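Step one of this worksheet: look at the structure below.
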Amino acid sequence: MQRPNDVVADLLQEYADLMAITGGEAFKVRVYEMAARSVGGYAQDISGMNPAGLRRIPNVGTSIAAKIDEYLRTGAIHQLEELRGKVPAGVRRLTTIPSLGPKKAMTLYEECGIGSVEGLEAAIRAGRLHGLHGFGAKTEENLLHGIALLHKTGARVRLDVAMEVAEEIVDALSAVPGCERCAYAGSLRRMKDTIGDVDILATAADSAALMTVVQGLPAVAEVIAHGETKTSVRTDTGLQVDLRVVAPDSWGAALQYFTGSRAHNIRTREIAVHQKLKLSEYGLFDVASGDRIASVDEEEVYGRLGLPWIPPTLREDGGEIEAALHGELPILITDADIRGDLHTHTDLTDGLASLEEMVAAAADRGYAYYAITDHAPKLYMQRMADAKALAQRDQVRRLDGACGGMRLLHGTELNIGPDGEVDWPPEFLAGFDMCVASIHSHFSQPRPEMTRRLVLACENPCVNIIGHPTARLIGKREPVDADWAEVFAACARTGTALEINAFPDRLDLPADLVRLAQRAGVVFAIDTDAHAVPHLAHLRYGIGTAQRGWLTPDRVINSWPLSRLRKFLRKGRSA
DNA sequence: GCCGTTTTCGGCCCGACTGTTTTCAGTCG
């Protein structure tokens, strides 16, 4: 079940969408969109808040507070119900078709009674759109194409999938003569957990060569649009890639523009407007004189707006502008802060590489310490046994310090059973240097049971880290339903860290919960859950998620020196 | 509908590309 904040955020977003479709004023639509985001990201639970309290949420005034209050009291918002009565849900869904926005969706509904994606497809094929104002042959073709695409790729792609495509294209374009700089921007640079499309930015005096090269890349299946400054293509996997080419002296302004979320960019441009300046991808301009006053790099652009440089992973209008204005931006955790990986596997259970191979690869990454945490017996398919664990421990002790002085910790990944119990008895667990404990089954327990289960795991004196806490698999399995505030309180109280699992289909704990957990005083471990040598490099995605949760190094136990980490790992154990 | 170091009223981000309405609306990012 969602947090009440998320439920209300969805309702407000729906209200904004329906208002846009019914021709509501654009600035009102924007306010509802902003309010939706503010409510979703608000730290405090809104259920139980009165209208006066609700109005303290940014972008929530009298009118929206009244709507939220109505929802909290009655479970519905009558104005939203009215709009729903006017616009069937299928019409809203029409706007998810690429190239079909609110205006055209409403035209289709009003003129032809089309209220679903399937209905639109049938109408086009039956020629029922002929003569409809604004719908020529090319538009029909584009809509059919968009519908096919929606069916095929509908979902966004995983962060690592988009990253691979982006890095390949950046490499190819960087090699083109005349290309001065090239980098990926957009949600990929912000490290969102899924990516809708890839934004690539390049600088060159002449854009033509770059535009030609990107259209001819082997992975490109289709050219969607092409002009002098922008070309859009789609890869054979259905991922859209937008290339923008600007003059070299616009690099900073363009990178700033193409990195921020829409909301972040609106905020930065508003700050510019208030200073009689204008910010675009070409630079920061003085409105009166038309002079360009900043554009070369992002630091300069933010600086002239009176802001420090804001890390890309924070650029979501989630409070970073206010923090920047007050000089309160966090110093975020980075890859360089990480001293070791605390959740990894070997071929003793379901890993692909041997202990020696994993340890050597970890040492190559320059780690000071490294934990081996193979699965425990209750994940029956892995066939772990006491003797195997003990034999591995001997091996680990022999290898300890043998690779570049890297210290090894012998751990295990326990299963948190339905009642919160874990695999081994306390006396056996005490032999491990550390324990991760994770949910691997019974994902759909009701919230009270799931909460109790996680709290009990935290209270186990041998459990140091809760692994992939929500157990979500992006695009495949929903997160488990728990009272996270209660779980976070238990973590803080018992000295149990929450994992930020860096595996790209997990990214778990998710960034929004990381931020809430941090406020509750929780500490974290950013781990790869590597089952093979290449997985160790997934750490970057965990770091991205941690940064999106505003995490600082002092809250990350595997950025600590080994002595401090060992002290933390002792938890409630005697010794 | 919200908001305020210019404002309690009058504003509200900016530009590229497409298709079609031959001068611009719609969509997207």
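This is a predicted model, so every value here is computed, not measured. In what follows, chains carry the letters A, B, and so on, assigned in the order in which the sequence lines appear, proteins first and then strands, with residues in each chain numbered from 1. All heavy atoms count here, side chains included; hydrogens, waters and symmetry mates do not.
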If you measure from the C1' atom in B/dC12 to the same atom in B/dT7, how many Å do you get, rounded?
13 Å

Side chain A/Tyr32 and base B/dG1 donor-acceptor under 3.5 Å
no

Does A/Asn265 reach a base, just sugar-phosphate, or nothing at all? Heavy atoms under 4.0 Å.
nothing

Given B/dG15, B/dT7, B/dG29, identify the nucleotide with an atom nearest to the side chain of A/Glu281.
B/dG15

Using atom C1' of each nucleotide, how far apart are B/dG1 and B/dT8 to the nearest Å?
14 Å

Below the 4.0 Å mark, does B/dC14 have OP1 or OP2 next to a side-chain nitrogen or oxygen of A/Ser280?
no

Closest to the A/Arg30 side chain, choosing from B/dG29, B/dG1, B/dC12:
B/dC12

Students often get this wrong, so: under 4.0 angstrom with heavy atoms, is A/Ile64 touching a base, only sugar-phosphate, or nothing?
sugar-phosphate

Taking 4.0 Å as the cut-off, does a side-chain nitrogen or oxygen of A/Ser232 come that near to OP1 or OP2 on B/dA16?
no

Quick one: which of B/dG15, B/dC13, B/dT18 gets closest to the side chain of A/Ala225?
B/dT18

For DNA chain B, find the residues of residues 51-59 of chain A with a heavy-atom distance under 4.0 Å and give them by number; none if there aren't any.
A/Pro58, A/Asn59

Base, sugar-phosphate, or nothing: which does A/Arg267 touch, judged by heavy atoms less than 4.0 Å apart?
nothing

Strictly below 4.0 Å: does A/Thr229 bring a side-chain N or O up to OP1 or OP2 of B/dG15?
no

Taking any heavy-atom pair under 4.0 Å as a contact, classify A/Ile97: base, sugar-phosphate, or nothing.
sugar-phosphate

Looking at A/Asn5, A/Asn59, A/Asp317, which one forms a side chain to side chain donor-acceptor pair (under 3.5 Å) with A/Ser38?
A/Asn59

State whether A/Lys230 places a side-chain N or O below 4.0 Å from either non-bridging phosphate oxygen (OP1 or OP2) of B/dC28.
no

Using a cut-off of strictly less than 4.0 Å, decide whether A/Tyr282 has a side-chain nitrogen or oxygen near OP1 or OP2 of B/dA16.
yes

